[in-house]
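Note that the structure is predicted; figures quoted are calculated from it, not measured. Within every chain, numbering begins at 1; the chains are lettered A, B, ... in the order of the sequence lines, protein sequences first and strands thereafter.
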There are 2 protein chains.
Amino acid sequence: MLGAVSRRDVRDTPRPAPTPTTEGQRTVADTTAPPPSVSGGSRRPVPPQSRYGNRPTMKDVAARAGVGLKTVSRVVNAESGVTPDTERRVREAIDALGFRRNDSARVLRKGRTASIGLVLEDLADPFYGPLNRAVEEVARAHGALLINGSSAEDPDREQELVLALCARRVDGLIVIPAGDDHRYLEPEMAAGVATVFVDRPAGRIEADVVRSDSFGGARAGVAHLIAHGHRRIGFIGDQPRIHTATERLRGYHAAMADAGLPVAEGWVALGSTAPERVRAAAEAMLEGTADEAVTAVFTGNNRVTVTVVRVLAGREHPVALVGFDDFELADLLHPGVTVVAQDAATLGRTAADLLFSRLDGAGGAPVQVVLETRLVPRGSGEIPPERGRE
Amino acid sequence: MLGAVSRRDVRDTPRPAPTPTTEGQRTVADTTAPPPSVSGGSRRPVPPQSRYGNRPTMKDVAARAGVGLKTVSRVVNAESGVTPDTERRVREAIDALGFRRNDSARVLRKGRTASIGLVLEDLADPFYGPLNRAVEEVARAHGALLINGSSAEDPDREQELVLALCARRVDGLIVIPAGDDHRYLEPEMAAGVATVFVDRPAGRIEADVVRSDSFGGARAGVAHLIAHGHRRIGFIGDQPRIHTATERLRGYHAAMADAGLPVAEGWVALGSTAPERVRAAAEAMLEGTADEAVTAVFTGNNRVTVTVVRVLAGREHPVALVGFDDFELADLLHPGVTVVAQDAATLGRTAADLLFSRLDGAGGAPVQVVLETRLVPRGSGEIPPERGRE
DNA sequence: CCGCACCTGGACAACGTTGTCAGGTGTAGG
DNA sequence: CCTACACCTGACAACGTTGTCCAGGTGCGG
């Protein structure tokens, strides 16, 4: 962790000061509680009805401009039927008071919030960045705001977050499910909250889904390894609770079966993507007797792939690797990492388009959109089996 | 792009179907408009006062439970003064109707939204993932929801987004500024919207800032190259409009001056981080006569670094490189990329802590928190100058 | 058996905005 | 000069919730 922290009154810094000032002096402080600290404290002790800083309302603007309340509303919403002169007076009052419309009140009156919620599993996972961005772009094109949060793979937290968004009356939801039971969403969906699931299908309810072809992608990836002569191939994936994990495992088994290859007991490892676990699993299936040690590994997602790359980097003999999910710089490693790529941005864009089409009234039964994956050979998947080839 | 898309009624898929079904059949469709499509259309044509799906209100719950409105409110808010029996009746009615409190109305009444806004420049930039996540964790610990969006480095869009968040009456804002004039925020801040800037200071207003020591970090990074024998060092950075870009450039100049080294004209390139531009800039300063070609490059942020790594990977002679910002897999490249690391998560956590301390009533002048950077030698910065060493 | 204190439950107003509708002004035509 | 019409403008209610306040009921003691 980067520990040193310095604080100073901003006045001490007379602007970005282009002169090389005494920028070096710092005081060391506890990073875990940098500023005056706060965390534990109780809620702010201000008078219960603080009304923030007494923001001006339309009523205030109307009084100042000497017009009626509704006229201010008309100006603010660019409705027709206001004399230029009146409008000018109103605008002056708005600027003078620093008025900004209270969207909470507006929402309450109008019924729609022009905002959608996005719940994903980890905001810090690079896979979700482009997805997040794509959803935001679509939302923006529709004049909607995006509210998002991450479930940290915790079903309870997912539910908590989703229901909080519903309480905010988002118009629609895009959810990357962490749990496998979404019946709690039924009343919300019945009440008109459009919902699209991404990456994985909803559990125990019927709902729109946009996902990649995990099964086919994994099958193709494993077949690629088989085509390069491998017969003993390991699979390291995410927890079996997660739909994509089991789909990809299914693809692995299908590819092995297609080639008439047996799958030994120690070749499949499902579980958390924590680096320690993945590292242990990889090392276990790379060791063992010559008949059991794998000559190639298929990894179930980008987190797993990165960890396995680290494991392989420390070994003498190269071992073939194909990973599900592309990742930045995969092409610059030695060897480049062969991957089954899914397009996160398209996933997000497609889901958002579908969501807004529902919001615009598109009816019909829930649909399932499945996006093709793409095998990207870069070297690591083309390493032939060195030893143990029978 | 991954083009192939298939759609089918979800009913056709009798569950994750563990049997290897005909998952292969797909129809090719235009990815840019996948579902029934929507985009251009006008707003939904439903009756103006659709009230979504006529969600039940507290009034409905009260009627069904045979109690008063306020009693329902008491139950929902876990206030005291309700008989267990009454509470049970109310809860049954809530479950039966699928009632969920309308937070818009609640916000309107109470004045605080328990939500904060985060505006960053690119949701897809991996640098912001951990920052985003850290802010979310702090917000969650304070019972607040996080609303975020990205400005795409566009000052107008930043302002638009920030003001939209203010209209939603977020309690506080964390902003990574794209623009250099934030006076538009003055009325909002005066009205009580706590605001903390991250990564870069606010423009033309005084406000809290949490940022890394760009100047010192860049100076240390360039000094590292000088210590390894380089005398002709290039600098490729972001647009000069961006504060961190100029600070890092300042650090570069300081380090060069410290060592008494001149800076030739073609050695500094500021501008967009678009790969084409960076690539051109890098190639230009690597070519040229022996006296002018640089033997080392310092890159101003992670986007630039990645592009330069690509350029260097295609060259015969290794060229030394130190980059600002750490990035995943930097250690696994050949050679490992030496970086000046800043801790995005701490940046976010610190900013969020500061924000909530302001919301909890902490007064005082705006503060500036500066986090130390850390030089991480990995190889690329330790390459000695091959040619042209005088 | 009566009275008092306490406690539960409900009526009501208010938050800031927008839709409805009626009133008022100015202008043009008869 | 009066009527009619168009166009602005503003009063009012309602959105769903919470804070205030009061009424009614219960339990206990006198």
Side-chain angles (χ1 to χ4, degrees), chain A residues 47-90 93-94 97-114 166-169 191-192, chain B residues 46-90 93-94 97-114 166-169 191:
Chain A
Q49 199 67 342
S50 84
R51 294 276 120 241
Y52 337 65
N54 287 320
R55 293 194 78 118
T57 73
M58 282 191 179
K59 195 189 283 186
D60 301 323
V61 174
R64 172 156 186 142
V67 301
L69 187 56
K70 181 64 213 214
T71 301
V72 177
S73 173
R74 285 200 184 87
V75 172
V76 170
N77 293 295
E79 288 174 28
S80 62
V82 180
T83 328
D85 181 59
T86 307
E87 175 170 347
R88 188 186 47 73
R89 288 215 317 281
V90 171
I94 288 177
L97 295 174
F99 166 81
R100 183 147 338 265
R101 180 177 64 194
N102 184 331
D103 271 358
S104 291
R106 173 170 224 257
V107 161
L108 179 59
R109 189 64 176 80
K110 302 202 67 146
R112 296 233 144 219
T113 58
C166 288
R168 297 289 164 115
R169 294 294 186 270
Chain B
V46 296
Q49 199 67 344
S50 84
R51 294 277 119 239
Y52 340 65
N54 288 318
R55 293 195 78 118
T57 73
M58 283 192 179
K59 196 189 282 186
D60 301 322
V61 174
R64 171 155 186 142
V67 301
L69 186 56
K70 182 64 215 229
T71 301
V72 177
S73 173
R74 286 202 184 89
V75 171
V76 170
N77 295 295
E79 289 174 26
S80 62
V82 180
T83 329
D85 181 60
T86 307
E87 175 171 348
R88 188 186 45 75
R89 289 215 316 282
V90 171
I94 288 176
L97 296 174
F99 166 81
R100 185 147 338 264
R101 180 178 62 194
N102 184 331
D103 272 358
S104 291
R106 174 170 223 259
V107 160
L108 178 59
R109 189 62 175 80
K110 303 200 66 143
R112 296 233 144 216
T113 58
C166 289
R168 296 290 166 113
R169 294 294 187 270

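With dC15(D), dT9(D), dT17(C) as the candidates, the nucleotide lying closest to the side chain of M58(A) is dT17(C). Proximity note for R101(A) (side chain, C-beta onward) versus dT18(C), dC15(C), dT18(D): the nearest is dT18(C). Distance from the side chain of T71(B) is smallest to dG9(C) among dC15(C), dG9(C), dG19(C).
Taking atom CD of E79(B) as the reference point, atom C1' of dT18(D) lies 8 Å away to the nearest angstrom. Between the CG atom of L69(A) and the P atom of dC21(C) there is a distance of 18 Å, given to the nearest Å. To the nearest angstrom, C1' of dG10(D) lies 14 Å from NZ of K59(A). Between R169(B) atom CZ and dT17(C) atom C1' there is a gap of 11 Å when expressed in whole angstrom units. The CZ atom of R55(B) sits 11 Å away from the P atom of dG16(D) (whole-angstrom rounding). For the pair D85(A) CG and dC7(D) C1', the interatomic distance rounds to 15 Å; values are reported in whole Å. Rounded to an integer number of Å, the gap from N102(B) CG to dG16(C) P is 17 Å. Atom-to-atom, CZ of R112(A) to P of dG19(C) comes out at 15 Å; the value is rounded to the nearest Å.
Residue M58(A) is tested with I94(A), L69(A), V90(A) for a side chain to side chain contact (heavy atoms under 4.5 Å, CB included); the sole match is L69(A).
The base of dG19(D) is paired with the side chain of K70(B) by a donor and an acceptor separated by under 3.5 Å. Judged by distance alone, with hydrogens and angles left aside, R109(B) brings a side-chain donor or acceptor within reach of the base of dT18(D), the pair sitting under 3.5 Å.
For T83(A) (side chain) and D85(A) (main-chain N/O), no donor-acceptor pair under 3.5 Å exists by modelled atom type. Although no hydrogens or angles enter the test, the distance criterion places no donor-acceptor pair under 3.5 Å between the side chain of R74(B) and the main chain of E79(B).
As judged by a 4.0 angstrom heavy-atom cut-off over every strand, D103(A) is placed among residues making no nucleic acid contact. Residue R74(A) is in base contact, counting any heavy-atom pair closer than 4.0 Å across all strands shown. Within the 4.0 angstrom heavy-atom criterion, only backbone atoms of the sugar-phosphate kind lie near T57(B); the bases stay farther away. Nucleic acid contact class of V76(A) (heavy atoms, under 4.0 Å, all strands): none.
A sub-4.0 Å separation between OP1 or OP2 of dG16(D) and a side-chain N or O of S104(B) is absent. At the phosphate of dG19(D), OP1 or OP2 sits under 4.0 Å from a side-chain N or O atom of K110(B). Residue N77(A) places at least one side-chain N or O closer than 4.0 Å to OP1 or OP2 of dT18(C). Between S73(A) and dG19(C), a side-chain N or O to OP1/OP2 separation shorter than 4.0 Å is absent.
Checked for salt-bridge contact, R64(B) and D60(B) miss the test: no charged N lies under 4.0 Å from a carboxylate O.
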**Message:** As a quick check of understanding, evaluate side-chain contact (heavy atoms from CB on, under 4.5 Å) for R101(A) and N77(A), giving each step before the final call.
**Reply:** CA-CA 10 Å; R101(A) 180 177 64 194; N77(A) 293 295; 2.5 Å; yes

**Asked** After noting the C-alpha distance and the side-chain angles of V61(B) and L97(B), does the key distance pass the side-chain contact (heavy atoms from CB on, under 4.5 Å) rule?
**Response** CA-CA 7 Å; V61(B) 174; L97(B) 296 174; 4.0 Å; yes

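The nearest heavy atom of DNA chain D to R106(B) and to T83(A) marks one nucleotide each, and the one closer to the 5' end goes with T83(A).
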